[in-house]
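Have a look at the structure below, then the notes.
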Amino acid sequence: MAVVPGLRAVISLHRSVTLQHSFGLIKVQLRATCLPRRLCSAPTGSDEPKPQVNPDNQSLLENLNLMGVDVKMARQRQPGVLRKAFTNETGLFQFLQGKGVNRKIIASIISRYPRAITRSIAHLEQRWELWRNIFKMDSEIVTILERSPESFFRSSDNGNLEKNIVFLSSLGLDAKDLHRLLTTAPRTFSNSLELNRQMVECLEDICAELGGKNPEQFVKAVISRNLYILIRSTKRVRTNIDNLRASLKFSDSELLALLKGPGAEILDLSNEYLKNNFNSLQQKMMSLGCQKADIKKLISSYPMVLYIGPSTLSSKLDCLLRGGITMKQILEKPKVLDYSTQNIMGRLEELKRVGYDFQKNGINILDSSKKRFLAKIEKLRASPDE
DNA sequence: CGGACCGGGCTCTGCCATCCTA
DNA sequence: TAGGATGGCAGAGCCCGGTCCG
């Protein structure tokens with residue numbers, strides 16, 4: 001929605017009055033910005049950067065300083081905003097304050113995403129209402145705003161946002177999914193409708209190519225398992241799938257099952273990262289005497305192994321092997337790799353202390369919650385023979 | 001009743017490049 | 001043509017507990 005110039009002018013007009021009111025007696029600090037710009041520049045200097053055509057809006061800088069905005073950061077991020085004649089920082093301030101955002105956070109939001117101050121009250125109110133379609137409480141929105149101002153403010157197109165909500169709902173994502181989606185990957189809702197549609201079509205195509213009978217369900221499954229997918233490029237997703245297929249010789253149906261199941265999560269890794277991780281995993285496993293089939297089996301049953309970086313994975317495996325666990329056991333119960341190396345190390349020590357026999361009892365005990373693990377240890381201490 | 005199986009919860013921005021438009 | 005809008009990228013796992021089954 002376009003900002004109404006008339007309204008902006010009025011807001012601008014009242015700017016200093018309102019701010020004086022809001023901030024009381026806070027001193028204005030304008031030293032740096034008041035220094036004459038041309039003081040040091042020789043008129044004949046050929047390599048000197050051209051003086052700015054539009055200088056910063058001084059009264060805006062004054063306001064931002066009063067609000068506690070990190071102007072240096074703001075200038076670094078979006079210098080153009082500071083030169084604008086008409087902005088709405090006061091309106092934004094009051095709007096956010098009305099939503100329960102404190103002064104410090106508002107300052108931080110503007111510092112990180114200065115363009116926020118170019119949005120009109122009407123725009124802000126409308127956008128907020130649209131977000132409220134998905135969030136029950138203002139405080140939820142505030143949390144995200146604080147976390148990622150850009151997600152909320154980057155687009156000025158509320159109509160597009162509305163269409164996105166309709167579109168995403170039409171995919172069969174229920175209220176809970178939408179909520180999770182907007183919480184986790186708010187950028188999705190600032191994407192153009194077209195971009196989101198392209199990703200959905202891309203996923204549908206992939207499903208169809210792999211012989212899937214229900215592309216709609218596939219899309220839904222992938223999105224709800226990987227909430228970041230819609231903020232990735234289709235190129236990235238495509239390339240990852242192609243690479244997976246090529247390196248592991250998956251059949252269509254194997255790949256389809258993987259992707260709509262646990263494999264959805266690794267699709268949004270960067271292409272190089274996934275490739276590197278695969279290569280180093282392969283190398284590591286080969287060095288431990290595994291066959292290609294073992295690697296395929298591991299990735300099929302536990303694709304998240306590809307999420308783990310080379311050094312972490314290597315130390316995790318070494319730690320398990322040193323603790324007396326075999327590669328065969330890991331291949332049978334790959335979920336133990338889910339836990340941090342620290343955690344595994346600690347548990348291995350505990351188990352060693354009570355004389356736990358992995359050959360006899362298996363390694364499932366490593367794949368359990370802390371609570372359950374401790375309960376088990378207690379029991380073993382009480383009756384070590386078991 | 002203990003343990004295995006399995007799915008789900010958390011979680012992700014801030015920057016740069018490029019195209020678009022007033 | 002500056003500034004706005006938008007696309008895309010790098011970065012890199014861990015943990016819990018319900019439920020079912022022998």
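Chain letters run A, B, ... following the sequence lines, proteins first, then strands; residues in each count from 1. Because the structure is a prediction, the values reported are computed rather than measured.
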| Range-with-range stems for DNA chain B, at least three Watson-Crick or G-U pairs under 3.5 Å | B:1-10 with C:13-22, B:13-22 with C:1-10
Let me check something: any side-chain donor-acceptor pairs from residues 193-206 of chain A under 3.5 Å, sequence neighbours excluded? List them with distances.
| from | atom 1 | to | atom 2 | distance (Å) |
| --- | --- | --- | --- | --- |
| A/Asn196 | OD1 | A/Asn191 | ND2 | 3.0 |
| A/Asn196 | ND2 | A/Asn164 | OD1 | 2.9 |
| A/Asn196 | ND2 | A/Thr188 | O | 3.1 |

| message | Can you list everything that forms a ring-ring contact (aromatic ring centres under 6.0 Å, His included) with A/Phe358? Sequence neighbours excluded, please. | response | A/Tyr356
| Would you find a donor on one side and an acceptor on the other, under 3.5 Å apart, between the side chain of A/Asp174 and the backbone of A/Lys176? | yes
| query | Are any of A/Thr118's side-chain N or O atoms less than 4.0 Å away from OP1 or OP2 of C/dG4? | reply | no
| query | For the hydrophobic clusters of this structure (ILVMFWY residues joined by side-chain heavy atoms under 4.5 Å, transitively), does one cluster hold both A/Leu348 and A/Leu321? | reply | yes
| Separation of A/Lys316 atom NZ from C/dA12 atom P, in whole Å? | 14 Å
| query | How would you list, by chain and number, every residue that makes a salt bridge (Lys or Arg N to Asp or Glu O under 4.0 Å) with A/Arg115, sequence neighbours excluded? | reply | none
| query | Rounding to a whole Å, what distance do you find between A/Glu378:CD and B/dG2:P? | reply | 14 Å
| said: Quick check on C/dG4: is either OP1 or OP2 less than 4.0 Å from any side-chain nitrogen or oxygen of A/Arg115? | reply: yes
| task | Measure from the side chain of A/Arg83, starting at C-beta and using heavy atoms only, and say which of C/dC14, C/dA2, C/dA10 lies closest. | result | C/dA2
| field | Whole-Å distance separating the CD1 atom of A/Ile144 from the P atom of B/dC10 | value | 12 Å
| query | Nearest-Å distance, CG (A/Leu374) to C1' (B/dG2)? | reply | 16 Å
| Counting any heavy atom closer than 4.0 Å, what does A/Ser270 reach on the DNA or RNA strands: base, sugar-phosphate only, or nothing? | base
| Is atom NZ of A/Lys136 surrounded by more than 12 heavy atoms (other residues, nucleotides or ligands) closer than 6.0 Å? | yes
| said: Using the rule that Ile, Leu, Val, Met, Phe, Trp and Tyr join whenever any side-chain heavy atoms are under 4.5 Å apart, tell me whether A/Ile231 and A/Val219 fall into a single cluster. | reply: no
| query | Over how many whole Å does the gap from A/Asp268 atom CG to C/dG7 atom C1' extend? | reply | 16 Å
Pairs of donor and acceptor atoms involving the side chains of residues 365-375 of chain A, under 3.5 Å and at least two apart or interchain, shall be tabulated with distances.
| from | atom 1 | to | atom 2 | distance (Å) |
| --- | --- | --- | --- | --- |
| A/Asp367 | OD1 | A/Tyr339 | OH | 3.3 |
| A/Ser368 | OG | A/Ile365 | O | 2.9 |
| A/Ser369 | OG | A/Arg372 | N | 3.3 |

| query | Which nucleotide in the set C/dG13, C/dA10, B/dG3 lies at the smallest distance from any side-chain heavy atom of A/Tyr307? | reply | C/dG13
| Given the C1' atoms of B/dT11 and C/dG11, what is the spacing between them in whole Å? | 13 Å
| message | Do A/Leu288 and A/Tyr302 sit in one hydrophobic cluster, given that two such residues count as connected whenever their side-chain heavy atoms are within less than 4.5 Å of each other, even indirectly? | response | yes
| request: May I ask you to say what A/Arg112 touches in the nucleic acid, namely base, sugar-phosphate or nothing, with a heavy-atom cut-off under 4.0 Å? | output: sugar-phosphate
| Spacing of A/Leu281 atom CG relative to C/dA12 atom P, expressed in whole Å | 18 Å
| remark: Expected list for residues 176-199 of chain A near DNA chain B, using heavy atoms below 4.0 Å, is A/Lys176, A/Arg180, A/Thr184, A/Pro186, A/Arg187
| task | Report the nucleotide, chosen from B/dT11, C/dT6, C/dC14, that has the shortest atom-to-atom distance to any side-chain atom of A/Leu227. | result | B/dT11
| Qualifying residues under ring-ring contact (aromatic ring centres under 6.0 Å, His included), relative to A/Phe135, sequence neighbours excluded | A/His179
| Would A/Tyr228 count as stacked on B/dC12 if the rule is ring centres under 5.5 Å and plane angle under 30°? | yes
| From A/Ile144 CD1 over to A/Leu182 CG, what is the distance, rounded to the nearest 0.5 angstrom? | 5.0 Å
| task | Under 4.0 Å between any heavy atoms, over every strand shown, what does A/Ile365 touch: base, sugar-phosphate, or nothing? Just pick one. | result | nothing
| note | Rounded to whole Å, OH of A/Tyr356 lies from C1' of B/dG3 at a distance of 9 Å
| For every nucleotide of nucleotides 16-22 of chain C, 5' to 3': is a protein heavy atom under 4.0 Å from its base (B), only from its sugar-phosphate (S), or from neither (-)? | BBBB---
| message | Which residues pass the ring-ring contact (aromatic ring centres under 6.0 Å, His included) test with A/Phe152, not counting sequence neighbours? | response | A/Trp128, A/Trp131
| query | With hydrophobic residues grouped by side-chain heavy-atom distances under 4.5 Å, do A/Tyr307 and A/Leu244 end up in a single group? | reply | yes
| A/Arg147 side chain N/O closer than 4.0 Å to the phosphate oxygens (OP1, OP2) of B/dC12? | no
| When you check the phosphate oxygens OP1 and OP2 of C/dA10, does a side-chain N or O of A/Arg236 lie under 4.0 Å from one of them? | yes
| field | Under the salt bridge (Lys or Arg N to Asp or Glu O under 4.0 Å) test, residues paired with A/Glu265 that sit two or more places apart | value | none
| field | Spacing of A/Phe152 atom CZ relative to B/dT13 atom P, expressed in whole Å | value | 14 Å
| field | Where protein sits on nucleotides 16-22 of chain B, one letter per nucleotide: B base, S sugar-phosphate only, - none, heavy atoms under 4.0 Å | value | -------
| Any side-chain N or O of A/Asn364 under 4.0 Å from OP1/OP2 of B/dA4? | yes
| query | Quick one: salt bridge (Lys or Arg N to Asp or Glu O under 4.0 Å) partners of A/Arg132, sequence neighbours excluded? | reply | A/Asp138
